[in-house]
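Here the structure is laid out as structure tokens; the discussion comes afterwards.
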Amino acid sequence: MDHLIKLESVVSGFCVKERYIYCVCKKTVYKIDKESKAIVYKKEIFRKDGLARILIADENRIFISDFCTLYILNEEDFEVIGKWKIGEDLSSDICGMTADENKIYCSVRNGKIVAVDKCSFEKKEYTVSNASMWSLKIYDNYLLCGTVDGQLLVLCRDTMLIKKKMILSKQNIRSLYVNDKILYSACQDKKLFKIDMTKFEIIGTVKNVHKKMFDCVGVYDDMLITVSYPCGEIALWNTNTFEKRKEIKIALSLSGNAYVEADKLYITSRGILGCDIIYLN
């Protein structure tokens, strides 16, 4: 394991792009060069420290959730283009975020999704579930949502109507990862599911993946990478047989974020000051 960057505190949200990594630490947003590991730019954006912010980005802008508010920043100099109140209080704070070429999608705790147009910044609100949704992913023309009551929802992105749904668990679907036509899903009951999205069928299941909750974070070669922050574990699973190939112990804590790019696993957690790299080869 190696340090990408050491910061003064825990990274609450980060996003890996072609050249840079963007992350938020305490009140400040950072742009880090992946090759030189240098801080290219940083700017204090928030009035208070935070540990539950979500950060995603496209080629030109950075999108950050701060409790009930969505911030949109210019990628180059982190100028705040605008901020929009998505929810009102603890019953409607932002739980998950993703984006496509036209919209940013925010799920809020009361089972709604708010879609924000990237050009006009017009907001549209849709009620899609009776339960909160922490995991959102784009797949083809659809939005995939994992709910706290264990349902996988496939929504048409134009109308936000439910196209398909599947009950995977009685507990929270904490993490979704899409690899081509395959969806991997991590549930609070410690089960891992492999779903063929062309047929919308479960084609693989593993029980007791980790002793506590985990995320599906990426694929390296023929292996799926899962991370359990509470357990301090990273596991590599054969994508065909679901045989565990390797387990790595690492000082993680409670929660975090991870991203697989080629043979590198970028990882942040409450046990890491800044962002680290694990070389999977």
In this structure, would Tyr22 and Tyr259 fall into the same cluster of hydrophobic residues linked by side-chain contacts under 4.5 Å?
no
Any heavy-atom pair between the side chains of Lys264 and Ile277 that's under 4.5 Å?
yes
Is the centre of the Tyr41 ring less than 6.0 Å from the centre of the Phe78 ring?
yes
For Lys207, is the NZ atom crowded, meaning more than 12 foreign heavy atoms sit under 6.0 Å from it?
no
Do Ile203 and Ile195 have side chains that approach each other closer than 4.5 Å (heavy atoms only, starting at C-beta)?
no
Any idea which heavy atoms bring Ile138 and Tyr105 closest together, and the distance?
CD1-CE1, 4.0 Å
Just by distance, do the side chain of Asn74 and the backbone of Glu76 share a donor-acceptor pair under 3.5 Å?
yes
Could you tell me whether the side chain of Asp2 reaches within less than 4.5 Å of the side chain of Asp276, counting heavy atoms only?
no
Can Ile64 and Ile45 be said to form a side-chain contact (heavy atoms from CB on, under 4.5 Å), step by step?
CA-CA 10 Å; Ile64 307 175; Ile45 299 296; 5.8 Å; no
Distance (rounded to the nearest 0.5 Å) between Asp158 CG and Asn141 CG
7.5 Å
Carefully, step by step, assess Glu247 and Glu233 under the rule side-chain contact (heavy atoms from CB on, under 4.5 Å).
CA-CA 7 Å; Glu247 187 174 281; Glu233 290 176 351; 3.8 Å; yes
Non-hydrogen atoms of Ile5 and Lys37 that approach each other most closely:
CD1-O, 3.5 Å
Closest non-hydrogen atom pair, Lys34 against Tyr20
CG-C, 4.2 Å
Evaluate salt bridge (Lys or Arg N to Asp or Glu O under 4.0 Å) for Lys124 paired with Asp117, printing each intermediate quantity in order.
CA-CA 9 Å; Lys124 288 188 178 180; Asp117 188 279; over 6 Å; no
Is the backbone of Lys85 close enough, under 3.5 Å, to the side chain of Lys123 for a donor and an acceptor to pair up by distance?
yes
Would the distance check show the side chain of Ser269 and the main-chain N or O of Ser253 forming a donor-acceptor pair, the cut-off being under 3.5 Å?
yes
Using side-chain heavy atoms (C-beta onward) and a distance below 4.5 Å, is Ile173 in contact with Leu152?
yes
Does Glu35 offer a backbone N or O that forms a donor-acceptor pair with the side chain of Asp33 under 3.5 Å?
yes
In sequence, state the C-alpha distance, the side-chain angles, and the governing distance for Leu143 and Leu153, and then conclude on side-chain contact (heavy atoms from CB on, under 4.5 Å).
CA-CA 8 Å; Leu143 181 65; Leu153 306 179; over 6 Å; no
Nearest 0.5 Å, what's the SG-CD1 distance between Cys95 and Ile113?
10.5 Å
Do Leu144 and Val154 make a side-chain contact, defined as non-hydrogen atoms from C-beta onward lying under 4.5 Å apart?
yes
Is there a path of hydrophobic side-chain contacts, each under 4.5 Å between heavy atoms of I/L/V/M/F/W/Y residues, joining Leu4 to Ile267?
no
Are the aromatic ring centres of Tyr229 and Phe214 under 6.0 angstrom apart?
no
A side-chain contact here means heavy atoms from C-beta on lying under 4.5 Å apart; do Met166 and Ile202 qualify?
yes
Greater than 12 external heavy atoms within 6.0 Å of Lys43's NZ
yes
Relative to each other, are the rings of Phe46 and Tyr71 parallel, tilted or perpendicular (30° and 60° limits)?
perpendicular
Is it the case that more than 12 heavy atoms not belonging to Lys244 sit under 6.0 Å from its NZ atom?
yes
More than 12 heavy atoms from other groups under 6.0 Å of OH on Tyr126:
yes
Does Ser175 reach the side chain of Cys216, with side-chain heavy atoms less than 4.5 Å apart?
yes
Ionic contact status for Lys26 with Glu44, cut-off 4.0 Å
no
For a quick check under 3.5 Å, do Thr226 and Trp237 share a side-chain donor-acceptor pair by atom type?
yes
On a heavy-atom basis, the closest approach of Cys145 and Leu176 is C-CD1, 4.1 Å
Does any N or O in the side chain of Thr69 come within less than 3.5 Å of the main-chain N or O of Trp84, such that one atom is a donor and the other an acceptor?
no
Euclidean distance, Ile104 CD1 relative to Ile86 CD1, rounded to 0.5 Å
8.0 Å
Between Tyr220 and Asn281, is there a side-chain donor-acceptor contact under 3.5 Å, judged purely by atom types and distance?
no
Keeping Ser65 on the side-chain end and Ile94 on the backbone end, is there a donor-acceptor pair under 3.5 Å?
no
Lys/Arg N to Asp/Glu carboxylate O, Lys83 vs Asp66, below 4.0 Å
no
Ignoring hydrogens and angles, tell me if any N or O in the side chain of Ser12 forms a donor-acceptor pair with the backbone of Ala52 under 3.5 Å.
no
Does Leu265 belong to the same Ile/Leu/Val/Met/Phe/Trp/Tyr cluster as Ile272, with side-chain heavy atoms less than 4.5 Å apart forming each link?
yes
Donor-acceptor under 3.5 Å (Arg174 side chain, Asp215 main chain)
no
Modelled atom types, side-chain donor and acceptor of Asn110 and Ser92, under 3.5 Å:
no
For residues Lys118 and Asp58, determine if any side-chain heavy atom of one lies less than 4.5 Å from a side-chain heavy atom of the other.
yes
Salt bridge or not between Arg109 and Asp93? Use side-chain N to carboxylate O under 4.0 Å.
yes
Separation between NE2 of His210 and CD1 of Ile234, rounded to the nearest 0.5 Å
9.0 Å
Supply the atom-to-atom distance Leu70 CG to Cys106 SG, rounded to the nearest 0.5 angstrom.
5.0 Å
Give the cluster check for Met160 versus Met133: same hydrophobic cluster or not, with ILVMFWY residues linked at side-chain heavy-atom distances below 4.5 Å.
yes
Are the charged groups of Arg157 and Asp100 less than 4.0 angstrom apart, N to O?
yes
Hydrophobic clusters here meaning ILVMFWY residues chained together by side-chain heavy-atom distances under 4.5 Å, can you tell me if Leu7 and Val40 are in one?
no
Of Arg19, Lys31, Lys17, the residue whose pairing with Glu75 passes salt bridge (Lys or Arg N to Asp or Glu O under 4.0 Å):
Lys31
Where is the tightest heavy-atom contact between Lys112 and Glu125, given as atom of each residue plus distance?
NZ-OE2, 3.0 Å
Ionic contact status for Asp140 with Lys181, cut-off 4.0 Å
no
Option among Asp149, Thr147, Asp189 that satisfies the side chain to side chain donor-acceptor pair (under 3.5 Å) test with Ser169:
Asp189
Nearest heavy-atom neighbours spanning Ile81 and Arg61:
CD1-NE, 3.7 Å
Point-to-point distance, once rounded to the nearest 0.5 Å, from CZ of Arg245 to CG of Leu236
8.5 Å
Check the pair Val219 / Tyr177 against side-chain contact (heavy atoms from CB on, under 4.5 Å), numbers first and verdict last.
CA-CA 9 Å; Val219 169; Tyr177 177 75; 3.7 Å; yes
